[in-house]
Peer 1: 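Shown below is the structure under consideration.
The basis for the numbers below is simple: all heavy atoms, side chains too, and nothing from hydrogens, waters or symmetry mates.
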Amino acid sequence: MTASIAYEAVEVGTELPAQSFPVTRATLVQYAGASGDFNPIHWNEKFAREVGLPDVIAHGMFTMAEAIRVVTDWAGDPGAVVEYGVRFTKPVVVPNDDTGALIEVSGKVAAKLDDNTVRVDLIAMSDGKKVLGMSRAVVRLP
């Protein structure tokens with residue numbers, strides 16, 4: 001695959017389409033099975049509270065993966081992402097109800113770099129709190 005956005009067509013400040021990603025307890029169980037991360041803070045409310053968390057929280061890597069979807073959907077090719085990093089600033093708290101939590105992600109082209117690459121800065125929020133800091137991806141465009 002090749003990215004569908006042309007480097008020449010992108011300007012600093014270009015906003016990527018924002019997306020929201022619902023997270024339920026069932027989502028966390030499915031992710032735990034796929035990733036092998038069965039840490040009880042991600043499924044056991046009693047344990048999560050005993051270790052000082054407000055409730056069960058989403059896996060950090062799950063949150064990170066959901067956020068980068070804004071970039072891969074925009075670029076049209078997951079392989080176009082050549083670098084990606086975040087800092088985990090706040091947990092995504094997932095209550096045990098029919099709604100769960102929502103991860104809201106927006107992004108903006110922050111810099112045009114060499115070799116047809118751009119840096120995209122992401123903002124990931126849940127329950128009004130920034131859950132990822134320094135969330136940046138470098139994307140190679142045709």
Side-chain angles (χ1 to χ4, degrees), residues 1-113 116-142:
M1 285 177 83
T2 302
S4 57
I5 304 291
Y7 179 81
E8 292 80 21
V10 175
E11 299 295 331
V12 171
T14 299
E15 292 188 18
L16 284 62
Q19 294 187 53
S20 295
F21 305 99
V23 187
T24 64
R25 295 281 178 96
T27 309
L28 299 182
V29 170
Q30 292 167 339
Y31 182 81
S35 69
D37 182 352
F38 294 101
N39 186 323
I41 64 172
H42 303 304
W43 57 270
N44 184 317
E45 184 174 328
K46 181 179 179 286
F47 183 86
R49 290 183 188 277
E50 285 175 355
V51 299
L53 295 169
D55 205 334
V56 164
I57 62 170
H59 303 73
M61 297 308 257
F62 172 82
T63 304
M64 188 178 177
E66 291 292 71
I68 196 65
R69 288 176 54 189
V70 168
V71 176
T72 59
D73 288 354
W74 170 74
D77 177 12
V81 177
V82 296
E83 186 178 318
Y84 178 46
V86 306
R87 288 191 182 152
F88 301 105
T89 56
K90 299 280 184 197
V92 174
V93 178
V94 183
N96 190 19
D97 58 18
D98 293 334
T99 306
L102 194 63
I103 302 170
E104 299 170 290
V105 184
S106 60
K108 185 183 293 191
V109 174
K112 290 185 84 167
L113 310 171
N116 280 36
T117 59
V118 297
R119 189 186 88 216
V120 175
D121 291 352
L122 297 168
I123 297 173
M125 306 284 292
S126 183
D127 196 29
K129 298 177 185 94
K130 192 173 181 182
V131 296
L132 298 176
M134 299 295 291
S135 184
R136 296 178 173 172
V138 176
V139 184
R140 185 173 317 284
L141 301 174

Peer 1: Mind checking salt bridge (Lys or Arg N to Asp or Glu O under 4.0 Å) for R49 and listing every partner two or more places apart, or none if nothing turns up?
Peer 2: E45, D55

Peer 1: Tell me every residue that passes salt bridge (Lys or Arg N to Asp or Glu O under 4.0 Å) with D73, counting only those two or more places apart in sequence or in another chain.
Peer 2: none

Peer 1: Provide the full list of side-chain hydrogen bond (donor to acceptor under 3.5 Å, both in side chains) pairs with a residue in residues 100-110, sequence neighbours left out, each pair given once.
Peer 2: none

Peer 1: Do any pairs count as a salt bridge (charged side-chain N to carboxylate O under 4.0 Å, His left out) and have a residue in residues 85-100, sequence neighbours left out, and if so which ones?
Peer 2: none

Peer 1: Ignoring hydrogens and geometry, is there a side-chain-to-backbone donor-acceptor pair from T72 to D77 under 3.5 Å?
Peer 2: no

Peer 1: For P54, give me all partners under side chain to side chain contact (heavy atoms under 4.5 Å, CB included), at least two apart in sequence or on another chain.
Peer 2: V93

Peer 1: Taking distance alone, no hydrogens or angles, what donor-acceptor pairs closer than 3.5 Å link side-chain atoms of residues 31-38 to residues at least two apart or in another chain?
Peer 2:
unit_1 : atom_1 : unit_2 : atom_2 : d
S35    : OG     : Y31    : O      : 2.9
S35    : OG     : D37    : N      : 3.1
D37    : OD1    : N39    : N      : 3.2

Peer 1: Quick one: CZ on F62 to CD on Q30, what's the gap to the nearest 0.5 Å?
Peer 2: 9.0 Å

Peer 1: Quick one: side chain to side chain contact (heavy atoms under 4.5 Å, CB included) partners of P142, sequence neighbours excluded?
Peer 2: T2, A3

Peer 1: Using a 3.5 Å distance criterion without hydrogens, assess whether the side chain of N116 forms a donor-acceptor pair with backbone atoms of R140.
Peer 2: no

Peer 1: Taking side-chain hydrogen bond (donor to acceptor under 3.5 Å, both in side chains) as the cut-off, I'd like each qualifying pair that reaches into residues 5-15, sequence neighbours left out, listed once.
Peer 2: none

Peer 1: Would you say that M125 contacts V131 through its side chain, given a criterion of any heavy-atom pair below 4.5 Å between the two side chains?
Peer 2: no

Peer 1: Kindly compute the distance separating CZ (R25) from CG (N44), expressed to the nearest 0.5 Å.
Peer 2: 9.0 Å

Peer 1: State which residues pass salt bridge (Lys or Arg N to Asp or Glu O under 4.0 Å) with E83; sequence neighbours excluded, sorted by chain then number.
Peer 2: none

Peer 1: The criterion is side chain to side chain contact (heavy atoms under 4.5 Å, CB included); which residues satisfy it with S135, sequence neighbours excluded?
Peer 2: Y84, V86, L122, L132

Peer 1: Going by salt bridge (charged side-chain N to carboxylate O under 4.0 Å, His left out), name the pairs with one or both residues in residues 123-138, residues two or more places apart or in two chains.
Peer 2: D121-R136, D127-K129

Peer 1: The criterion is side-chain hydrogen bond (donor to acceptor under 3.5 Å, both in side chains); which residues satisfy it with T117, sequence neighbours excluded?
Peer 2: none

Peer 1: So among V139, I5, V10, L141, which one has a side-chain contact (heavy atoms from CB on, under 4.5 Å) with V109?
Peer 2: V10

